Amino acid sequence: MSYDYEGFKKEILKLTKIDLNAYKEKQMKRRIDTLIAKSGAKEYAEYVKLISTDKKRFEEFVNYLTINVSEFYRNPEQWKILDQQIIPELIKKFGKNLKIWSAACSTGDEPYSLVMALSRHLPLSQIQIFATDIDKQVIAKAQGGLYSEKSIVSVPDDLKRKYFTKVGPSYQISNEIKSRVEFKQHNLLLDTYPQQVHMIVCRNVLIYFTDEAKDEVFRKFNNALAKGGILFIGSTEQIMDYRSMGYERRGSFFYEK
C-alpha cells in the first residue's frame with residue numbers, strides 16, 4: 001500500500017489520535033519528511049508500518065511532532081506581572097485554593113515555575129497545579145525534574161537557591177515543588193477540558209496550529225475558565241477576536257473571562 005501526505009495524516013490520526021490537519025502544513029510536513037528520511041523509510045506507508053510495530057520509534061515520532069521548547073520563568077517580565085498583579089487578584093477573587101491548569105506543559109518548566117511563583121503568596125501545602133501534555137515522554141522527563149543550567153537561568157535567585165540542587169552539570173528540582181504538580185496526558189484538540197478553572201497557562205504552543213484549530217482551543221479554554229478566571233498565553237501569540245470569544249484583555253498576554 002502506498003499513500004500521499006493526506007493519506008499519511010489519516011493513518012497518523014488513527015494511530016496516535018493527533019490530527020495533523022490542525023498544524024500548519026508546510027512547517028509540519030517539512031519536520032515529518034526530515035524524520036522519515038532519518039529513519040531510512042522510503043515512503044509514508046513504510047514509515048507508518050515502522051512506528052506501528054516499534055514502540056521506541058512511535059514515541060520518538062510523537063516527541064518529535066510535539067515541539068518541546070521550554071524554560072523556567074520564560075519572558076520574566078510577564079512573570080513579574082503574574083506575581084505582582086494576577087496572583088493577588090485571583091486569591092482575592094477565588095480564595096486560597098486556586099484551580100490552575102498548565103496546558104501543553106512540555107518538560108514541566110512551566111508548572112514548576114507556577115508553583116514557585118505561587119509560593120510567594122501561599123503555603124506550598126495549599127498549591128496544586130494540574131499539568132497536561134500530549135507527549136508521554138516529556139511528562140516522564142517533567143516528573144524526573146532534572147534540568148540544564150540554561151533552562152533555569154531566569155528563575156529568581158532566592159527561589160533557585162531554595163528549590164534546586166546541583167547534580168553534576170544539571171539541576172534537580174526539590175520534591176516539595178514536584179509534589180504540588182499532578183501530570184496527565186491530554187490532547188487539546190480531542191479530550192475534555194477541566195471545568196471552573198481559575199487560571200489556564202498555555203504559552204507558545206498554539207503558534208504551530210492553524211488559525212481554525214487555535215480559535216477552537218481558545219474557545220474551549222474560555223468554557224473551562226470560571227467567570228473572572230485568567231488565560232495566560234505566550235509572547236509569540238495573541239487572540240485576534242478575543243471579545244467574541246468571551247474574553248477581556250488584561251495587558252498583552254493575560255485575558256480574563
Side-chain angles (χ1 to χ4, degrees), residues 27 31 34-35 38 56 59-87 100-125 127-186 199-208 232-237 252-254:
Q27 199 175 6
R31 284 177 65 80
T34 303
L35 186 63
K38 262 172 68 182
K56 200 174 169 203
E59 285 176 356
E60 176 193 48
F61 174 67
V62 174
N63 191 34
Y64 190 76
L65 214 58
T66 53
I67 303 120
N68 295 302
V69 181
S70 195
E71 63 192 55
F72 283 79
Y73 278 78
R74 191 174 185 176
N75 313 114
E77 65 290 346
Q78 291 164 32
W79 287 84
K80 198 176 273 186
I81 296 167
L82 185 76
D83 176 43
Q84 293 172 0
Q85 291 174 35
I86 304 294
I87 292 172
I100 296 175
W101 176 23
S102 173
C105 68
S106 189
T107 49
D109 315 43
E110 191 171 88
Y112 292 144
S113 295
L114 284 166
V115 176
M116 289 189 284
L118 286 157
S119 75
R120 295 202 188 279
H121 303 267
L122 297 167
L124 278 174
S125 60
I127 299 167
Q128 194 63 52
I129 307 290
F130 180 56
T132 63
D133 201 274
I134 198 169
D135 185 349
K136 274 198 295 200
Q137 278 184 297
V138 297
I139 289 174
K141 188 177 187 313
Q143 288 167 325
L146 200 62
Y147 298 93
S148 69
E149 189 168 6
K150 186 172 176 277
S151 70
I152 68 160
V153 77
S154 297
V155 175
D157 287 340
D158 63 320
L159 296 175
K160 208 180 282 184
R161 283 193 298 272
K162 195 172 180 182
Y163 294 123
F164 287 92
T165 308
K166 201 166 187 329
V167 181
S170 304
Y171 288 82
Q172 176 73 54
I173 197 159
S174 74
N175 285 331
E176 53 188 326
I177 296 292
K178 276 167 66 176
S179 67
R180 308 325 304 165
V181 181
E182 180 197 346
F183 289 99
K184 195 178 172 188
Q185 194 175 17
H186 181 272
M199 180 164 69
I200 298 171
V201 182
C202 184
R203 307 180 69 229
N204 309 304
V205 175
L206 302 185
I207 44 166
Y208 303 108
F232 179 19
I233 64 171
S235 57
T236 54
E237 297 158 332
S252 300
F253 310 104
F254 296 94

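Because the structure is predicted, anything quoted here is derived from the model rather than measured.
For Glu237, there are no salt bridge (charged side-chain N to carboxylate O under 4.0 Å, His left out) partners two or more places apart in sequence or in a different chain.
Taking the side chain as every heavy atom from C-beta outward, Ile127 and Leu114 never approach each other to under 4.5 Å. The shortest distance between side-chain heavy atoms of Arg180 and Leu124 falls below 4.5 Å.
A pairwise comparison of heavy atoms in Ser235 and Phe253 identifies CA-CE2, 3.3 Å as the closest pair. A pairwise comparison of heavy atoms in Phe254 and Gln78 identifies CZ-O, 3.6 Å as the closest pair. Taking all atoms of both residues into account, the shortest heavy-atom contact from Tyr73 to Ala117 is OH-N, 3.4 Å. Between Leu118 and Ile129, the closest heavy-atom pair is CD1-CD1, 3.7 Å. Between Ser106 and Ala142, the shortest heavy-atom distance links the atoms O-CB, 4.1 Å.
Put simply, CG on Asp135 and CD on Glu59 are 8.5 Å apart, with the number rounded to the nearest 0.5 Å. Separation of atoms CD1 (Ile100) and CD1 (Ile200) is listed at 11.0 Å; rounding is to 0.5 Å. Going from atom NZ of Lys150 over to atom OG of Ser170 covers 14.0 Å, rounded to the nearest 0.5 Å.
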Could you pull out every donor-acceptor pair under 3.5 Å between side chains of residues 151-161 and any protein atom, sequence neighbours left out?
from: Ser151; atom 1: OG; to: Ser148; atom 2: O; distance (Å): 3.1
from: Asp158; atom 1: OD1; to: Arg120; atom 2: NH2; distance (Å): 3.0
from: Asp158; atom 1: OD2; to: Arg120; atom 2: NH1; distance (Å): 2.8
from: Asp158; atom 1: OD2; to: Arg120; atom 2: NH2; distance (Å): 3.4
from: Lys160; atom 1: NZ; to: Ile152; atom 2: O; distance (Å): 3.4
from: Lys160; atom 1: NZ; to: Val153; atom 2: O; distance (Å): 3.4

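In summary, the aromatic rings of Phe72 and Phe164 are positioned with their centroids under 6.0 Å apart.
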